[in-house]
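One structure is given below, encoded as structure tokens.
As a basis for the values below, the full set of heavy atoms in this structure was taken, side chains included, without hydrogen atoms, waters or symmetry mates.
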Amino acid sequence: MHRGYLATIGREGTGWVSLQLLIDRFTRRDPAIKLDATHFGTTQTVLLTLSHVDRLIEELTHARQAMQAQTGRHGRTGETR
């Protein structure tokens with residue numbers, strides 16, 4: 001198993017999400033994204049296929065657009081990058 005692309009998002013006080021790309025070197029299975037979500041010391045792991053990742057990106061895009069529409073009407077809220 002090969003692991004590549006590691007990203008962690010969040011804050012220690014409220015929890016975080018870690019992403020890893022998992023690739024089987026012997027191609028017994030398709031590439032997958034390993035998603036670990038940690039909240040208050042409890043971690044849940046999920047393996048996402050390419051179609052799951054596509055759906056997640058689509059849903060996050062819609063959520064971001066809705067958030068931007070809200071902040072546009074009521075001023076700037078939330079965290080900055």
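Atom-to-atom distance recorded for L47:CG and Q20:CD is 10.0 Å, nearest 0.5 angstrom.
The salt bridge (charged side-chain N to carboxylate O under 4.0 Å, His left out) search around E58 returns none, not counting sequence neighbours. Remark: D54 pairs with no residue by the salt bridge (charged side-chain N to carboxylate O under 4.0 Å, His left out) rule, at least two apart or across chains. Not counting sequence neighbours, the partners of T49 by the side chain to side chain donor-acceptor pair (under 3.5 Å) test are S51, H52. For I9, the side chain to side chain contact (heavy atoms under 4.5 Å, CB included) criterion is met by no residue, not counting sequence neighbours. With sequence neighbours excluded, the residues that form a side chain to side chain contact (heavy atoms under 4.5 Å, CB included) with T61 are I57, Q65. Contacts of L50 classified as side chain to side chain contact (heavy atoms under 4.5 Å, CB included), with partners at least two apart in sequence or in another chain: none. Scanning for side chain to side chain donor-acceptor pair (under 3.5 Å) contacts around Q44 gives an empty result, with sequence neighbours left out.
Using a 4.5 Å cut-off on side-chain heavy atoms (C-beta onward), T45 and L35 make no contact. Looking only at side-chain heavy atoms (C-beta outward), L21 and I33 come within less than 4.5 Å of each other.
The only option from L22, L19, L48 that meets the side chain to side chain contact (heavy atoms under 4.5 Å, CB included) definition with K34 turns out to be L22.
For the residue pair T43 / D36, no side-chain donor-acceptor distance below 3.5 Å is found, with atom types taken as modelled.
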